[in-house]
> 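Starting off with a structure, shown below.
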Amino acid sequence: MRRSPRRGGTPKPTHTPPAPSHTQTQSSGAENPEKIGASGRQTRSSGLSSAANVISTSSSSGRTSRKRASTPPTHPHPQPPPATPVITTGSSGIFRNFRNHRSSGKRNRDLDVSRRYGIAAGLALLGVRVAGGLLTPIADCDETYNYWEPLHYLLYGTGMQTWEYSPVYILRSYAYLLPHAAIGKALALVLQLLQGPLPPDKRLIFYGIRVLLSLISAACEATFVDGIARRLGARPGFLTFLFLLTSAGLFQASPALLPSSAACNMVMVTTANWLTRRYWWATFFAVAAVFALGWPFVALLFLPLALHVLYDCIFSSTSRPGNSPQYQRGTIRVLTYGIGALLLVLPPVLLVDAYFYRRLAFPALNILLYNIGGGPEGADDTLYGVEPWSFYLKNLLLNLNVALPLALFLPVLLLSLPWPAWSIRVKLEAFVFVSPAFLWLSVMTLRPHKEERFLFPIYPLLALCAALSLHGLVAAFEAFASAGGEENGGGKRKGSSSSSSSSSSSSSSSSSSSSSSSSSSSSRSKKTAGQTKTERSSSSAEQPSTSLFPSLLLRLAQRLAGLLAKALIPFTLLLHLLLSVSRVVSMTQNFAAPLHLFRDFSRTQRTSFLLQQQASPSTLPSPHHSQPIRLCLGAEWYRFPSSFFLPHADIQLTFVQAGFGGQLPQPFRPRNGTWAAPLQSFNEYNREETSRYVPIHSCHYLIELFPPYLEEPQHQDQQQQPDEEEYKSEDEHTAYHIKSVVTRLRELGESMPEAWKVLSRYPLLDKDLSPSPWRSFWVPFASGPRLHYGALTLLEREEHNGAGPGPTWVE
């Protein structure tokens, strides 16, 4: 057996691996499946800070790559890979491993830059979320009547009750509302300390809870981005953060008092722990989302988590695969996670609901059975509306815009694009992490009853899908753009390698004259080098002259791919930002009339209440007068924000018959309202209960929407009648005639329309008369002429005839 000489001879030629190119280092934060699996344990930087490294290191990426490529290897032999995977920082700044940096000064500078970018990103996220809590209108009446109203009852003893909270049906859980009630109590104590003996402005509590919900969402988003950066790389994490930050959907979902919004936060926290292999915490938050929120449908989102945890716990053991004890240990571990989380979450939920309903109840099971058809015949969710299959796609396109096609094409991109340094296993794991979004969207699309709030839990996952798609496209363009340069450089390296090989072979032949085996080896090396040189010259001579044109086309395509790789991310994010801002402005301008109108009503009533209290300080206000102030709602009853806009308990919310044919809510009983029988009957078939209505002449105030006035073409000799006096609000497109007001009041049953006067009005978009997309997106200087607004109006009756017939809402 021949051995290479160790002393006195020529050392065996070694192959030095080429330095990583800019494309390879920037393509992914997970170079191999082992690295992705261990990254959660090895990275300690925060998600926003690690994602900010993408910006802080991109300016020096080219210099770093060239410097590494020109540095000669220190060791004569290639070093074996480390036993434990180490996460390193490439030219894209995917992860910062400071053990590779010998200079403490450079390390401190990088830390300062990352910290500054992380703080800036966090402040931007907080600012956007606080703005959402203050500006976003309530888009769903379920948020008002099923959550804000019971919360107001828990705090102040008044509020509207829906049939879901009736002790007869028990479809809603008080366990979700109880933490919010504690927050509201704390805010009320703070206001009492600041305002003294004055009654607190309950609107401040309303907005305080919304802002706090937005801040909780921001914290969950930061945790979500941190988990993505640790497992999938900082560029996917950074892109996900930007998609979340500029998302119109999350701008609306984060401050909403809805189980679906809370489920969105739970999904982010659960996925972050899932990505970093904290399976116990992932299981705990998943179980809490299913049972503590009273919305069991979210369990569908955690099905891939359960299967993946089971698989990982079984096959991550050090024992031999296929061994029966290994399966037993993995199964027991997963069952321990699930049972432990269930024991921590379920008993407090059952105790809270048992206290408020005064009997053992399980609302999560009841609402699940009702929605899947387990109730009486004809009683299911289709009673509240049926939408076509395209409903969710349209809503996602409005709220996610360019992120939606990127997210939906992720499975195709994972299978087709040759992502550098991403193996098949890594791509499969990446798809497993985002698979709950596709599973949820598929199942919910098949359901006949659809609502926009059902999409809230998958907004973060779709943002991650869009980030991964954008990351893969950029990596593919970078790989194609650098292919030509690597081939040219590779040819030069091959030539130098062959020449050094031939020179070493010749020196070996001259120094091995005493050994026949060495001389035969050198002769074979010379022959091989000669054949290589001859083949290279003959292949270059046989190349046709017509290969110049395809080569130019290839170089042009590579240049274009390089430009796309540099411009795709900025262009996509900028377009997403502009469309999201346009959507947000459209929502806040076109649908904020209820918040503004009830704000005016609250200010007026609170001022008059304080003046009355100052006039008679010895008389304490009674919580219930014999004839309370009646605020009546017409056809726009579902736009009522909440009782937090009613400054005191003397104001009674009622309804006038205005064409709605479904079941309306009713007030809680002042005492024992959570478990005592309702004041009036409820039904589970959404049938209209006429006992909810009061006559319009018994109302002190009325809130009604008057449709926009559309001018009809008139002849020049036709004069305007005096009773067609036009009333305009501040918006020039809101106009209606006094005749239309009189007509509408007569339709509502008023025999004396002249007894009403207008106190305040705000423009509200008429969706039927305003075409799309102008009603969905705000376009400067273009949307205005195409939109039509009605006038949401607050009227006061000057001549009041007493309470009249109708419910008095007293026990």
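Residue numbers run from 1 in the order of the sequence given.
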> What's the separation between atom NE2 in H180 and atom CH2 in W148, rounded to the nearest 0.5 Å?
8.0 Å
> List in chain and number order the residues that pass ring pair (Phe, Tyr, Trp, His ring centres under 6.0 Å) with F224, two or more places apart in sequence or in another chain; answer none if no residue qualifies.
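So F224 forms no ring pair (Phe, Tyr, Trp, His ring centres under 6.0 Å) with any residue.
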> Distance alone, cut at 3.5 Å: any donor-acceptor contact between the side chains of H576 and T246?
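Their side chains do contain a donor-acceptor pair, which is all the 3.5 Å distance test asks for.
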> List the steps, then state whether side chain to side chain donor-acceptor pair (under 3.5 Å) holds for Y638 with D140.
CA-CA 8 Å; Y638 55 90; D140 197 327; over 6 Å; no
> Set out, in order, the CA-CA distance, both residues' side-chain angles and the distance that settles side chain to side chain contact (heavy atoms under 4.5 Å, CB included) for L473 and L564, then state yes or no.
CA-CA 9 Å; L473 288 173; L564 287 175; over 6 Å; no
> Using modelled atom types and a 3.5 Å cut-off, is there a donor and acceptor pairing between side-chain atoms of Y176 and backbone atoms of A292?
no
> Would you compute the distance between atom CG of L275 and atom CZ of R230 and round it to the nearest 0.5 angstrom?
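It comes to 11.0 Å.
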> Do any pairs count as a ring pair (Phe, Tyr, Trp, His ring centres under 6.0 Å) and have a residue in residues 764-783, sequence neighbours left out, and if so which ones?
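Every candidate ring pair (Phe, Tyr, Trp, His ring centres under 6.0 Å) pair involving residues 764-783 fails, so no pair, neighbours aside, qualifies.
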> How long is the span from the CG atom in L410 to the SG atom in C465, to the nearest 0.5 Å?
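Answer for the CG-SG pair, L410 versus C465, is 5.0 Å.
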> Ignoring hydrogens, what is the shortest heavy-atom contact between L293 and M266? Give both atom names and the distance.
CD1-CG, 4.4 Å
> Show the nearest heavy-atom pair for residues P457 and A263, with the distance to one decimal.
CG-CB, 4.1 Å
> Is it true that E221 and R129 make a salt bridge, defined as a side-chain N closer than 4.0 Å to a carboxylate O?
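Answer for the salt bridge query: yes.
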> Could you tell me which non-hydrogen atom of L213 sits nearest to which non-hydrogen atom of P255, and how far apart they are?
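Looking at all heavy atoms of both residues, the shortest contact is CD1-O, 3.7 Å.
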> With rounding to the nearest 0.5 angstrom, report the CZ to CG distance, F660 to L664.
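F660 atom CZ to L664 atom CG measures 5.5 Å (nearest 0.5 Å).
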> Quick check for you: to the nearest 0.5 Å, what is the distance between S642 atom OG and Y147 atom OH?
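Between atom OG of S642 and atom OH of Y147 there are 15.0 Å.
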